[in-house]
Amino acid sequence: MPLARRPGVSGQDGRVTDMGQGTGTSADAENEVAALVSELIRIDTTNYGDDSGPGEIDAADYCAMRLREVGLDPYRFSTTSDRRAGVVVRIEGRNPDLPALLVHGHLDVVPAPEDGWKYPPLSGEIDEDGMLWGRGAVDMKDMVGMTLAVVRSWARRGVRPRRDIVVLFVPDEEAGCVQGSHWLVRHRPELLAGVGEAIGEVGGFSVALDPRHRIYPIQTAEKGIAWLRLTATGQSGHGSLVAIDNAITRLAGAVTRISEHRWPPRLTSAMRQLIAVIEEVTDQPLDLDDPESLRVRFGSLGRVLESTSRNTANATMLHAGYKHNVIPCSASASIDARFLPDDEGEMIAELELLAGEGIHHELIH
């Protein structure tokens, strides 16, 4: 996916050849950010969720190297294994009495099968239109690269922020954070000493509500995750016979009921504020039960409004059978459920009802 047009980068391919040097101006960050992101994308940090991937160690070492180049003193750490690694650096502020600000990102990316990609997903290609492509160009090696570029520019110019800034790049965000931020909080909380607030991914993009009004939404929280595995069992048999008790058929019914269920909207205080602002500046009411009108009016923001105002549950993987002419005795489906604050128990209970009798559910994460 494209990152953005790169401003001020010279050269046909947009790469900066000597990132250890700079002019000492804020333009340094703009000049080198595309190259930093491109190089990060080319480092394979695919997270398959089963610890079979390469891990994040090479990307963590890369970030640490780029920070050391400008005189900073980062600490590269490992979590549950040598391969699952991250890096942290604390930039001293002018006022030690203020709480520190944590600026964090994750180094891992979700798998990227090459089918359907304009450029190979790990190429970090910058095309003739100045667009940067690759897995992580949006989630979230872009922000890692931008953060590196900013703090490197600060170091070159001797900039000291008002308060301490803790820059942290972690592993394992894409598979539930157990080997990343969860591990750090449990085992290395001193790395976050004095932190009062944190800034991560999402937010900072602007949305034109109409020709006269533009808003800058800020994400204040995330919905909770409930990853479930549904399993149906039945009678195994030959595919040419009448199926008396087919596990796949039973599972398909459960998945269909869950996928077609329309979860009702429930507004948190933050969502109420956002909707009030949108209705005020556009002078039009919002109908959260009419997703089509939301998408027509607001484009991608419409999908955000629809999804952040209700619970969601989607089937993401199916597993059944081993031969075309054999009815399997079991079938399973993975469900990605996301719940609003305080809704976890109620949502899982509703999912059990939707799945129906004879469907076993297991909470994976």
May I ask you to say whether Glu56 pairs ionically with Arg84, meaning some side-chain N is under 4.0 Å from a carboxylate O? yes
How would you list all residue pairs meeting side chain to side chain donor-acceptor pair (under 3.5 Å) that involve residues 95-106, not counting sequence neighbours? His106-Asp108, His106-Asp139, His106-Glu173, His106-Glu201
Heavy-atom side-chain contact between Leu132 and Val37 under 4.5 Å: yes
Going by an N to O cut-off under 4.0 Å, is there a salt bridge joining Lys118 and Glu125? no
Given 3.5 Å as the limit, does a donor-acceptor pair link the side chain of Lys141 with the main chain of Glu39, or not? no
Between the main-chain N or O of Ile225 and the side-chain N or O of Arg338, is there a donor-acceptor pair closer than 3.5 Å? no
Within the 4.5 Å heavy-atom criterion, are Val170 and Leu184 side-chain neighbours or not? yes
Note, Arg212 side chain near Val281 side chain (heavy atom, < 4.5 Å): no
Quick one: sort the Phe77 and Tyr75 rings into parallel, tilted or perpendicular, breaks at 30° and 60°. tilted
Determine whether more than 12 heavy atoms belonging to other residues, nucleotides or ligands lie under 6.0 Å from atom CZ of Arg266. yes
For Glu346, does the CD atom have more than 12 heavy-atom neighbours from other residues, nucleotides or ligands under 6.0 Å away? no
Do other residues, nucleotides or ligands put more than 12 heavy atoms under 6.0 Å from Asp73 CG? no
Is the shortest heavy-atom distance from the side chain of Leu274 to the side chain of Ile215 under 4.5 Å? yes
For Trp154, the ring-ring contact (aromatic ring centres under 6.0 Å, His included) test, sequence neighbours excluded, returns none
Where Gly134 and Ile41 come nearest, the two heavy atoms and their spacing: CA-CG2, 3.9 Å
Report yes or no: do Val166 and Leu98 belong to one cluster of Ile/Leu/Val/Met/Phe/Trp/Tyr joined by side chain heavy-atom distances under 4.5 Å? no
Is there a path from Leu168 to Met140 through hydrophobic residues (I, L, V, M, F, W, Y) whose side chains come within less than 4.5 Å of each other? no
For the atom pair CG (Leu40) and CG (Leu107), what is the distance rounded to the nearest 0.5 Å? 7.5 Å
Passes salt bridge (Lys or Arg N to Asp or Glu O under 4.0 Å), Glu69 versus Arg156? Steps please. CA-CA 10 Å; Glu69 280 180 342; Arg156 292 188 186 104; over 6 Å; no
Less than 4.0 Å between a side-chain N and a carboxylate O, is that true for Arg188 and Glu190? yes
Which of these, Asn47, Thr79, Thr80, sits in a side-chain hydrogen bond (donor to acceptor under 3.5 Å, both in side chains) with Gln179? Thr80
Inter-residue atom distance Cys63.SG - Leu148.CG, 0.5 Å rounding: 4.5 Å
Has the side chain of Asp164 got a donor or acceptor atom that lies under 3.5 Å from a matching backbone atom of Leu101? no
Give a yes or no answer on whether the side chain of Asp343 reaches the backbone of Met347 with a donor-acceptor pair at less than 3.5 Å. no
Could you tell me if the side chain of Pro328 sits less than 4.5 Å from the side chain of Ile248, heavy atoms only? yes
Expected list for residues 354-365: side-chain donor-acceptor pairs under 3.5 angstrom, two or more places apart:
| from | atom 1 | to | atom 2 | distance (Å) |
| --- | --- | --- | --- | --- |
| His361 | NE2 | Glu352 | OE2 | 3.3 |
| Glu362 | OE1 | Arg229 | NH1 | 3.1 |
| His365 | NE2 | Gly176 | O | 3.3 |

Starting from the C-alpha separation in whole Å, work towards a yes-or-no answer on side-chain contact (heavy atoms from CB on, under 4.5 Å) for Leu102 and Leu192. CA-CA 8 Å; Leu102 174 66; Leu192 305 175; 4.1 Å; yes
Smallest separation among heavy atoms of Pro111 and Tyr48, with atom names: CG-CD2, 3.5 Å
Please tell me if the side chains of His238 and Val326 come closer than 4.5 Å, counting only heavy atoms from C-beta onward. no
What do the steps show when you test Ser78 against Arg76 for side-chain hydrogen bond (donor to acceptor under 3.5 Å, both in side chains), and what is the final call? CA-CA 7 Å; Ser78 293; Arg76 205 273 284 159; 3.0 Å; yes
Donor-acceptor contact present, side-chain Arg310 to main-chain Arg262, <3.5 Å: no
Side-chain contact, heavy-atom cut-off 4.5 Å: Val144 with Tyr62? no
